[in-house]
Amino acid sequence: MGEEVKLFRSWSSPFALRIVWALEIKGIEYEAVFEDLSNKSPLLLQYNPVHKKVPILVHNGRPIAESFVILEYIDETWKQVPLLPEDPYERAMARFWAKFCDDKVLTSIWSAFIKQGKEQEEALVAAAENLKFLEKEMKGKKFFGGERIGYVDIVLGWLANLVSIFEEIVGLKIVDERKFPLLYSWMQDFAEAPIIRDNCPPRDKMIVKFKALLDAAIASSSSSSK
Amino acid sequence: MAGNGDGVTLLGYWASPYALRVKWALKLKEVHYEYMEEHLPDKSPMLLQYNPVYKKIPVIVHKGKPLAESLVIIEYIDEVWKHNPLLPQDPYHRAKARFWAKFADEKCVPAMFRAFSKVGEEQVQAAKELRENLKILESALEGKQYFGGESIGFLDIVVGWIGCWARMTEEVAGVNMIDADMIPLLSLWFQKFLELPIIKECLPPQDKLLAHTKEFHKMLTMAALT
């Protein structure tokens, strides 16, 4: 067909992983280009000069950056197995929840992991409040997309494997099964879905990576405090 | 526009640029809507009911169903009312428009806010960052009259308010934000865009906005100094 699809990713970027999942779910053939983010390739810098980040999708030589933007592009270009709902209101709500997941859920859970002391306590409280909204959204659904994985599931998917890694490293419960039973069971269902399970970075490597990030954050915060 | 023939209500605030861009979208689509002013900082029970997650305007209610987040609302409007399309038809150009909308909201706007609300070195750095990011945004014009091409589109109405607010905050905060030498094309586009009758007639009264901006600035910089 002459379609050339390349995905610039790293081995662990959760944002790039969203695109891997979307391409795999739609059965789109693509070439994965693994970047070492400490030593970015000239091609990466050429394709995403504004942010210099992964993921970047290059379709027939034309680059697209920013995971939400890429996901919508994929859904509009390859119409099989739609990720976003048909109905305009449902589509809008999916976009709303996706934005909420990144702006609120991701930032509060990341803070709960990387911060210490009072900042961590406050982040945990914020995370719990944000998760309550998601728990409510899950009522009567197996996935956010309904019976099968959709746009919001893909956007939130990092929660399914990263949260248990964070919890293991800091020894704190972030997504308590008793408080968030629906969300907790979504995390299991999502992680166990074949395409997701087969396209996840190795857990042991992730633990090493995030432990190193946390150690670095603690070191820099204690060296900068008086 | 008075009357509720299309079944649309918009909850807004007169000084909000986010409500303004939704107004522009509705106006361009010739959608009849009922406008309800929120008397911020007091929030009506209706606002809290329709946007429990963020408790913010703008919110539109269409056929009884509420939607929040201005970019989500604008895309919804574009999908429901198909004439005068805001986003381009081609998925790649749609992706570019969404990419730049995200860039403006995440990189330009926070820098502008910091240049407005901070003092001293923080303010100087923020203003510099804004000028640099506006330069990057200028590249998205690609030598066209408007971001939408010959006529205005999605990105014009998403970004256009910055021209109005930046000039106002320059005056109040005493810092240069729109450097016409640095961004001649964007500067010209801001002028042309804000002069368009359909755009101009939705702008809040400029003297009222200036007084409001001065008050807001006083409050923020006092907080920054304590």
Side-chain angles (χ1 to χ4, degrees), chain A residues 5 15 19 47-53 55-79 84-105 107 126 129-137 151-152, chain B residues 7-8 22 25 50-56 58-82 87-108 110 132-140 154-155:
Chain A
V5 181
F15 304 101
I19 314 305
Y47 283 142
N48 189 4
V50 175
H51 300 294
K52 306 175 175 56
K53 286 182 177 177
I56 308 166
L57 188 80
V58 185
H59 182 207
N60 293 333
R62 300 199 297 187
I64 299 148
E66 292 296 289
S67 64
F68 284 11
V69 177
I70 298 171
L71 286 173
E72 294 235 26
Y73 175 82
I74 287 173
D75 214 29
E76 287 173 3
T77 305
W78 292 278
K79 303 226 186 271
L84 278 165
E86 268 290 320
D87 171 71
Y89 184 73
E90 296 304 319
R91 286 165 79 81
M93 285 313 296
R95 289 178 178 132
F96 174 87
W97 286 116
K99 198 167 192 295
F100 175 77
C101 285
D102 266 15
D103 290 351
K104 297 288 179 188
V105 179
T107 45
E129 280 165 15
N130 295 327
L131 291 170
K132 264 193 219 139
F133 285 116
L134 291 182
E135 179 76 10
K136 199 166 169 213
E137 235 347 79
Y151 182 76
V152 178
Chain B
V8 177
V22 172
Y50 283 141
N51 189 4
V53 174
Y54 296 106
K55 307 175 177 58
K56 285 182 177 178
V59 171
I60 65 158
V61 187
H62 182 213
K63 296 182 177 161
K65 296 197 208 170
L67 263 184
E69 293 297 286
S70 60
L71 292 186
V72 173
I73 294 171
I74 292 170
E75 288 227 32
Y76 174 78
I77 289 168
D78 205 27
E79 286 176 9
V80 172
W81 291 274
K82 296 197 191 291
L87 275 168
Q89 294 307 303
D90 173 73
Y92 181 66
H93 294 118
R94 290 163 77 84
K96 286 215 285 197
R98 288 177 177 135
F99 174 89
W100 286 113
K102 205 166 193 287
F103 177 80
D105 274 9
E106 291 176 5
K107 298 288 176 188
C108 300
E132 285 164 1
N133 287 336
L134 287 176
K135 180 81 198 153
I136 295 172
L137 183 62
E138 186 182 62
S139 69
F154 177 78
L155 193 53

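Because the structure is a prediction, the values reported are computed rather than measured. Just so it is clear: chains get the letters A, B, ... in the order the sequence lines come, proteins before strands, and each one is counted from 1.
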Open item on the list: Which one wins on heavy-atom pair count under 4.5 Å against chain A: B/Ala101, B/Ala97, B/Ser139, B/Pro91?
Closed with: B/Pro91

TODO: Go through B/Ile136, B/Val72, B/Val53 and name the one with the most non-hydrogen pairs under 4.5 angstrom from chain A.
DONE: B/Val53

Task: Within the 6.0 Å centroid threshold, strictly below: A/Phe96 and B/Tyr54 - done: yes

Task: Spacing of A/Asp103 atom CG and B/Glu106 atom CD [to the nearest 0.5 Å] - done: 7.0 Å

Open item on the list: I'd like to know if B/Lys102 pairs up with A/Glu72 as an ion pair, taking the criterion as any Lys NZ or Arg NE/NH1/NH2 lying under 4.0 Å from an Asp or Glu carboxylate oxygen.
Closed with: no

Open item on the list: Check this for me, if you would: do A/Lys104 and B/Glu69 make a salt bridge, where the nitrogen-to-carboxylate-oxygen distance has to be below 4.0 angstrom?
Closed with: no

What part of [X] gets closer than 4.5 Å to chain A, counting heavy atoms only: side chain, backbone, both or neither?
X: B/Arg98; result: both
X: B/Lys63; result: neither
X: B/Asp78; result: neither

TODO: Heavy-atom distances under 4.5 Å only: say whether A/His51 touches chain B with side chain, backbone, both or neither.
DONE: side chain

TODO: For A/Tyr89 and B/Pro66, work out which heavy atoms get closest and say how close.
DONE: OH-O, 2.6 Å

Open item on the list: To check you understand the geometry: which heavy-atom pair defines the closest contact between A/Val69 and B/Ala95, and what is its length?
Closed with: CG1-O, 3.2 Å

Open item on the list: Under the rule for side-chain hydrogen bond (donor to acceptor under 3.5 Å, both in side chains), what residues qualify as partners of A/Asp75, not counting sequence neighbours?
Closed with: A/Lys26

Open item on the list: Please enumerate all residues that pass side-chain hydrogen bond (donor to acceptor under 3.5 Å, both in side chains) together with A/Asp87, with sequence neighbours excluded.
Closed with: none

TODO: For each of A/Arg95, A/Arg62, A/His59, A/Met93, tally heavy-atom pairs with chain B at distances under 4.5 Å, and name the one with the top tally.
DONE: A/Arg62

Open item on the list: Taking atom NZ as the centre, does A/Lys136 end up with more than 12 heavy-atom neighbours from other residues, nucleotides or ligands that are less than 6.0 angstrom away?
Closed with: no

